[in-house]
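Taking it in order: structure first as structure tokens, then the write-up.
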Amino acid sequence: MHPLGESQAVEFDYIIVGAGSAGCIVANRLSADPGTRVLLIEAGGPGRSLWIHLPIGYFRTMLDPRFSRSFPTEPCEGTADRAIAWPRGRVLGGSSSINGLIFIRGQHEDFDDWAAGGASDWSYQSLLPHFRRYERYSGGEDVYHGGRGEFGVSELRNDHPACAAWVEAGAQFGLPRNPDFNGASTYGVGAYQLAIADGWRSSAATAFLKPIRNRPNLSVLTGAQATRILFERGRAVGLQWVQAGKQGEARANREVILSGGALQSPQLLQLSGIGPASLLRAHGIDVVADAPGVGENLQDHYQARTIVRLRDPISLNDDVRRPTKLAAMGLQWLFKNAGPLTVGAGQVGGAACTADARNGRPDVQFNVMPLSVDKPGMPLHRYSGFTAAVWQCHPQARGRLSITSTDPLAAPRIETRYLSTDTDRRAIVAGLRMLREIYAQPAFAKYYDAEVLPGAEARDDAGLLDFARHHGGTVYHCVGTCRMGTDTDSVVDPQLRVRGVDGLRVIDASIMPTVTSANTNAASLMIGEKGASLVLNAA
């Protein structure tokens with residue numbers, strides 16, 4: 001693996017745009033054949049900071065412009081006319097290098113729904129081998145888990161009494177204990193598995209690029225912003241980019257593969273002439289393929305966070321202000337690969353069913369942490385805070401992404417339409433009520449003395465909805481803008497080939513027809529694994 005400047009080749013078999021969760025796997029699998037030349041383009045840098053690799057480091061990196069790019073969304077009624085910032089990884093590994101590390105695939109039915117929509121090879125059972133192939137689960141290989149893959153997955157290695165009490169309270173509320181959210185079901189409460197190996201973050205870069213850095217047939221170009229896909233007679237034949245103010249270009253003899261994610265893959269398609277013809281013509285872009293679906297179908301999980309104040313100073317809010325506690329955390333991590341430094345953006349949680357849930361399939365997800373903060377990157381609160389958040393698993397709201405100019409460095413217009421349907425609004429309110437009931441169970445009630453958020457003023461449904469609108473935000477799970485399907489309005493077919501042109505695929509979270517019910521990174525990695533197999537089979 002070497003920078004492009006060290007190679008004399010300007011022609012490759014494959015050009016991959018985006019070294020994120022999917023792109024890194026695709027680069028790994030395609031370059032395994034020494035006779036196949038692969039170029040991987042990444043807008044961000046190599047990500048050599050310690051905070052990238054330390055699990056708890058996401059608190060520092062998620063909003064750090066050295067490692068992420070923050071995209072503003074359009075204000076909407078569902079957010080009380082607030083713009084919500086969407087940070088996306090801009091570094092080798094993409095968002096897998098800065099996310100909250102929770103590793104959960106989602107409900108089996110999430111993928112069965114994709115198959116029911118026409119993508120027959122995308123059912124849960126069809127995809128399970130791809131999930132298992134890339135995974136190295138600390139609990140060992142079994143029917144659900146892989147044990148020999150490159151991507152490390154571990155059980156939670158931090159015991160916190162308030163988190164244990166919350167799980168017990170969830171069971172008292174009536175939810176079953178779930179020892180493995182990546183097993184038979186996501187229903188119930190328990191501890192989350194995390195993208196961690198040997199005490200360090202597992203990212204797509206560390207798992208799939210670092211081990212193959214010596215492959216001479218793989219070139220990796222960082223700090224390079226893709227600007228346009230090159231076409232000849234309806235076929236993608238290459239890519240242009242800008243790096244350090246200079247334009248670069250390379251040709252792809254087989255395929256160009258977009259793995260830029262749900263925001264930048266559709267943006268690059270539109271800039272290159274694939275998208276709604278009216279939008280492209282309005283910006284003076286020649287239409288290569290009129291594809292109205294490019295940028296449509298945007299989905300994300302919208303969450304609302306409850307916070308209570310613990311009676312005793314056992315919150316991480318307290319611990320980070322005690323030098324002796326900080327030293328103990330460091331020793332735990334250094335010698336045991338355990339403790340608070342190995343946690344993600346949620347230690348325990350679970351999934352439950354509201355009155356709108358169908359066939360016993362959970363429609364709300366919980367995420368619980370023994371700390372409280374206004375948002376990542378800001379100081380923890382000075383009181384002993386404890387947080388439990390909820391989001392709707394299957395939002396019905398559909399947003400849109402569209403370019404605002406021909407400048408590839410300009411952010412696209414992002415319309416989320418959060419909470420724009422009755423179902424979405426009912427779910428977030430019902431989830432908040434459930435969290436209050438869990439707090440009130442005997443196992444947890446003794447741990448806290450006051451509710452900070454939503455607070456006493458939000459007692460009825462209208463008050464809770466108003467709280468969610470004013471205080472809710474993204475869970476960073478944007479997907480769907482290059483929807484996979486068999487209908488003519490879909491952007492890619494089930495082989496992930498872009499409709500209307502040849503030699504071009506999209507392999508990333510943007511192809512999801514519907515967002516998975518839980519955190520999206522595990523599924524994004526699977527899409528990379530599955531997508532690479534599709535490319536290899538075609539070759």
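Heads up: numbering here begins at 1 and tracks the sequence.
- Salt bridge absent: D312 and K446 never bring a charged side-chain N and a carboxylate O closer than 4.0 Å.
- By the ring-ring contact (aromatic ring centres under 6.0 Å, His included) test, Y58 is found to be paired with no residue, residues two or more places apart in sequence or in another chain being considered.
- Using a 4.0 Å cut-off between charged nitrogen and carboxylate oxygen, R413 and E415 count as a salt-bridge pair.
- Between E42 and R90 there is no salt bridge, since no side-chain N of the basic residue sits under 4.0 Å from a carboxylate O of the acidic one.
- Using cut-offs of 30° and 60° on the angle between ring planes, the pair W391 and H477 is perpendicular.
- Side-chain contact check for D110 and T516: no donor-acceptor pair (N or O, by modelled atom type) lies under 3.5 Å.
- Ring geometry for Y383 versus H381: interplanar angle under 30°, hence parallel rather than tilted (30 to 60°).
- Ion pair E296/R398 not flagged as a salt bridge, since none of the NZ, NE, NH1 or NH2 atoms sits closer than 4.0 Å to an Asp/Glu carboxylate oxygen.
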**OP:** Take R105 and E135, measure what salt bridge (Lys or Arg N to Asp or Glu O under 4.0 Å) needs, and give me the verdict at the end.
**Re:** CA-CA 12 Å; R105 299 167 182 168; E135 182 184 10; 2.7 Å; yes

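- Taking the six-membered ring for Trp, Y137 and F103 have ring centres at least 6.0 Å apart.
- Cation-pi geometry between R311 and Y448 is not met: the NZ or CZ atom fails to fall both under 6.0 Å from the ring centre and inside 45° of the normal.
- Of the residues listed (F444, Y447, W166), the one engaging F386 in a ring-ring contact (aromatic ring centres under 6.0 Å, His included) is F444, and it is the only one.
- For the side chain to side chain donor-acceptor pair (under 3.5 Å) test, residues two or more places apart in sequence or in another chain that qualify with R469 are D466.
- With sequence neighbours left out, the side chain to side chain donor-acceptor pair (under 3.5 Å) criterion links R321 to no other residue.
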